[in-house]
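Just so we're clear, the structure is a prediction, and the values are computed from it rather than from any experiment. A, B, ... follow the sequence lines: proteins, then strands. Residue 1 opens every chain.
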Amino acid sequence: MKDTHDDRSFEQDVYDVVRAIPEGRVTSYGAIAKVLGAARASRRVGWVLNKSFGAQPPVPAYRVVNRLGMLTGAIHFPADQPMAAQLKAEGVVIENDTVVDFGARFWDPMTEL
DNA sequence: CATCTGACCTAGT
DNA sequence: AACTAGGCCAGAT
């Protein structure tokens, strides 16, 4: 018996947190990793999100940016649904691949969830 | 099969 | 305060 408990849980957990992000708000990989209890596993979060495109229900991965508010993951988004465009559609101002007023737009899953 | 890379972050020097 | 190194874990070469 293969116990795939950890990977499975982590994956589902990331999806759950990302789906909990309100419209017009953004969060960071580190914040997600931290709320999951793996503050240094932020890389894994990115890997999971990369797989999240085919997930059901859809995961708003475009609301996740790095700690500096930069859209580092934009390059991995499909051309039909650019990261910046979706954020702008929710009222988030993007300039030079960076979220403007990131401090106010930041949504901390650990504090607010 | 060994090595490196990658949607990053924290901690130590 | 700036820089280096380490961590996390799976996929790709």
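Placement of A:Ile94 and A:Val64 in two distinct hydrophobic clusters is found when ILVMFWY residues are connected by side-chain heavy-atom separations under 4.5 Å, directly or transitively.
Shown here are the salt bridge (charged side-chain N to carboxylate O under 4.0 Å, His left out) partners of A:Lys88, two or more places apart in sequence or in another chain: there are none. By the side chain to side chain donor-acceptor pair (under 3.5 Å) test, A:Asp16 pairs with no residue at all, sequence neighbours left out. Legend: residues meeting side-chain contact (heavy atoms from CB on, under 4.5 Å) with A:Glu95, ordered by chain and number and at least two apart, are A:Val100.
Grouped by direct or indirect side-chain proximity (heavy atoms under 4.5 Å, Ile/Leu/Val/Met/Phe/Trp/Tyr only), A:Met70 sits with A:Leu68.
Rounded to a whole angstrom, the distance from the P atom of B:dG12 to that of C:dC8 is 14 Å. The same atom, C1', is picked in C:dC3 and in B:dA7; the two are 24 Å apart, to the nearest Å. Atom name P, nucleotides B:dC4 and C:dA5: the rounded distance is 15 Å, in whole Å.
Taking every heavy atom of residues 74-102 of chain A and every atom of DNA chain B, pairs under 4.0 Å involve A:His76, A:Phe77, by number.
Rounded to whole Å, atom P of B:dG6 lies 17 Å from atom CG of A:Leu49. Between the CG atom of A:Asn50 and the P atom of B:dT5 there is a distance of 18 Å, rounded to whole Å.
A:Tyr62 comes within 4.0 angstrom of nothing in the nucleic acid, heavy atoms only. If you check every strand for non-hydrogen atoms under 4.0 Å, A:Ala33 touches nothing.
A salt bridge does not link A:Arg25 to A:Glu90: none of the charged nitrogens lies less than 4.0 Å from a carboxylate oxygen.
Distance alone, capped at 3.5 Å, places no donor-acceptor pair between the A:Ser52 side chain and the A:Asn50 backbone.
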What string of B, S and - do you get for nucleotides 8-13 of chain B, 5' to 3', if B is base contact, S is sugar-phosphate-only contact and - is no contact with any protein heavy atom under 4.0 Å? BS-S--
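Seen from the ring of A:Tyr29, A:Arg43 does not count as a face-on cation partner, given the 6.0 Å and 45° thresholds.
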